[in-house]
Amino acid sequence: MATQNTIRVSVRRRAATLSFWEQVYLFEVIRGLWITTHHFVLNLYYHILKLFGIRKTHPLTPTIQYPEECRPLALRLRTLHRLARRDDGRPRCVACMMCETVCPALCIQIVAAAVDDPNIEKRPKSFDIDIGKCVFCGFCVEACPEDAIRMDTGILDIASYSRGGMVLDIDRLLSLNAATERTDKEVDQLQKWLLQ
Amino acid sequence: MSPVMYWTTTVAKSVYILVFPLTLAFVLAWAERKQSAVMQDRIGANRASVFGRPWLGFVHMVCDAMKMFTKEDFVPETEHRFLHHIAPGIAMFFALLAFAVIPFGNQLTIAGETIGLQVADLNVGILFVFALTSLGVYGLVLGGWSSNNNYALLGAIRASAQMISYEICIGITVIGAIIAFGTLSLQEIVLAQGTHLLAGWLPRWGILLQPLGFLLFFVAGIAETKRVPFDMPEGESEIIGFNLEYSSMKFGLFLFTDFVETVLIAAVTVTFFFGGWQVPWLYETGFAFPWGSTWAIHPNIAALLQMGAFVGKVVFFCWLMMAIRWTLPRFRYDQVMDLGWKWLLPLSLANVVVTALITLW
Ligand code: SF4
Ligand code: SF4
């Protein structure tokens, strides 16, 4: 037998909570103005200090000047995919089609080819991910038996003028590396690629 | 005064009184973005840049103006194309014309001639100002009506309803000031505020004679500028308003009119209640402080100081109105009407009665 719980809801009338002085409104206006003016003066003070180079940062303004500055990304955040390489430089991927199968957005297209190495057997001849369709679920990463596909590039600003531009091919995917192991020069190159 | 001198000074004064509100309105358009940003812990427009610097966001304003001028000027299908074209001009024209009677200084003496620093010293200056601000609403009404759009028309009707409600309050409040100063001429009102109370310590400004009057006038004045919290005619979140069918610079002109009106209300408030161009203890020949010391300065320099004081006071009130605009949420339509008719009107009537009684007694 399921027990029935009664939920008591207390109804409070909002109008009654305003005191007389609040209803006069004028004093509330002044109080509101006091708050905003307080912020205005403090902010202005720091803006002026910053303008004349006395301070480097503005402690009260949390604005992050994207794209020049970025908010730090969590390490486990799912970002743009990449294909990892083996130590000898060959792609780790063995074209097992796991990721293509599991992908709920059907955005991975793999064409397999044979390799001589009996331990590997197959390699991807082409490997396209249509980022325009991807829902960033990360299933492909979890499905991969070879830890070949990873989403740790730290790239989030993915945009293109055409749908075709959103399709990343195997060369592109292999050329990316993890955000944690990127050198400054590579960051610059990445910026250029993202902005083109 | 020779005719040449007369015309040169009149033209110079007219140019000054036109350039002053327009410049300030431009600065206000900039302040609208930057001041709100600073109040809300943001940074504000800083992306458009010249020589690699955003120049405090001013470049954005220039870009905005360029955009306004180069955008397509869409005219809706209406039988009143002419009215549609001139409506923004009407609104702007009356707002700017009202500045003609605002005294922006005492007098300058150039080549032996005394030049009063006011374009037109009408003896009914106050009435002139309020006649023109009332006429300004025609721009809105014609614009909304000729747009052939029901929402625009609704905005226009709201505009006229709001203007009527608050102009009554302004008019009655000003009667209190007129009783207190005993004149209708704005220059004389300012001159009357040049004396001091409390053995010379306190400047005898209008706010001390009419504290309630100032409050009522200021609230109604903000309503006259039809900006948030009184933005019923525009009502951007509900009806988009009288300027719905306007685009390019004609829309910009409506927008700019609001800023010019802000400057106008600030100037009139300063003139009535904050001593106009008066600087405390500054007389024509120099400062005379209540503790007995004096500091003589040239009359022309004193006049320039007073002109500066007027500009400073107006800028302060523009800032205050901007701060109010970015602090308060907008009123509902019925609240606007409530405030106007049930609160401001009776209070302003009471103000007049009390002022009259005190003056008589
Ligand atoms: S993240 Fe999800 S949607 Fe995107 S490619 Fe991988 S499996 Fe497909
Ligand atoms: S699951 Fe891994 S190994 Fe298999 S095809 Fe996808 S990326 Fe290659």
Side-chain angles (χ1 to χ4, degrees), chain A residues 13-72 156-157 159 161 188 191-192 194-196, chain B residues 30-49 52-58 211-212 214-223 228-230 315-332 335-336 338-340 342-344 346-347:
Chain A
R13 292 237 294 283
R14 269 187 74 231
T17 59
L18 289 182
S19 73
F20 172 76
W21 292 111
E22 281 166 348
Q23 276 177 352
V24 170
Y25 200 47
L26 182 69
F27 301 100
E28 292 297 298
V29 169
I30 293 170
R31 224 157 60 96
L33 273 177
W34 163 248
I35 293 172
T36 45
T37 310
H38 183 80
H39 276 250
F40 179 78
V41 173
L42 268 181
N43 278 323
L44 200 63
Y45 170 71
Y46 285 120
H47 275 308
I48 290 171
L49 286 191
K50 205 175 157 205
L51 192 68
F52 290 106
I54 300 169
R55 279 189 79 114
K56 285 278 166 290
T57 54
H58 191 304
L60 296 181
T61 305
T63 311
I64 295 169
Q65 296 280 351
Y66 186 83
E68 287 89 36
E69 309 166 9
C70 289
R71 174 193 282 268
L156 283 171
D157 32 12
Y161 284 108
D188 284 350
Q191 279 285 342
K192 241 177 249 152
L194 289 170
L195 291 174
Q196 54 140 345
Chain B
W30 165 78
E32 172 100 319
R33 305 185 77 168
K34 273 303 202 188
Q35 186 184 336
S36 63
V38 175
M39 278 165 66
Q40 297 171 348
D41 300 352
R42 292 185 285 113
I43 289 182
N46 68 348
R47 285 286 147 175
S49 58
R53 311 219 66 200
W55 303 107
L56 298 174
F58 266 111
L212 181 63
F214 160 69
L215 208 64
L216 298 171
F217 183 87
F218 197 54
V219 173
I222 293 174
V228 181
F230 294 97
V315 167
F316 171 78
F317 274 94
C318 290
W319 173 85
L320 184 63
M321 281 155 94
M322 200 58 97
I324 291 173
R325 185 249 176 274
W326 284 99
T327 302
L328 299 188
R330 46 198 299 276
F331 290 123
R332 268 196 330 257
Q335 288 170 331
V336 169
D338 247 28
L339 183 69
K342 288 194 196 160
W343 293 98
L344 295 190
L347 279 175

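What you see is a predicted model; the values in this text were computed from it and never measured. First the proteins, then the strands, lettered A, B, ... as listed; each starts at 1.
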Worksheet, complete the sentence: Turns out that what part of A:Leu26 lies under 4.5 Å from chain B's heavy atoms comes down to side chain

Discussion item. Using heavy-atom distances under 4.5 Å, tell me whether A:Thr37 contacts chain B through its side chain, its backbone, both, or neither.
Written reply: side chain

Fill in: Whether A:Trp34 and A:His38 hold their rings parallel, tilted or perpendicular, with breakpoints at 30° and 60°
tilted

Fill in: chain B contact via A:Gln65 - which portion, at a heavy-atom distance below 4.5 Å
both

Worksheet item: What class does the angle between the rings of A:Phe40 and B:Trp319 fall in, given that below 30° is parallel, 30 to 60° is tilted and above 60° is perpendicular?
Response: tilted

Discussion item. If I compare all heavy atoms of B:Glu32 with all of B:Met322, which pair ends up nearest, and what's the gap?
Written reply: OE1-SD, 3.2 Å

Discussion item. Nearest 0.5 angstrom please: B:Gln40 CD to B:Trp326 CH2, how far?
Written reply: 6.0 Å

Worksheet item: What closest approach, in Å, do B:Phe230 and B:Ile222 show between heavy atoms, and which atom pair accounts for it?
Response: CD1-CG2, 3.9 Å

Worksheet entry | Pairs of heavy atoms under 4.5 Å with chain B: top-ranked of A:Leu42, A:Leu33, A:Val41, A:Leu60 | A:Leu33

Worksheet item: With a 4.5 angstrom heavy-atom cut-off, which part of A:Tyr25 approaches chain B: side chain, backbone, both or neither?
Response: side chain

Worksheet entry | Residue selection (most heavy-atom pairs with chain B, distance under 4.5 Å) from A:Leu44, A:Leu51, A:Thr63 | A:Thr63

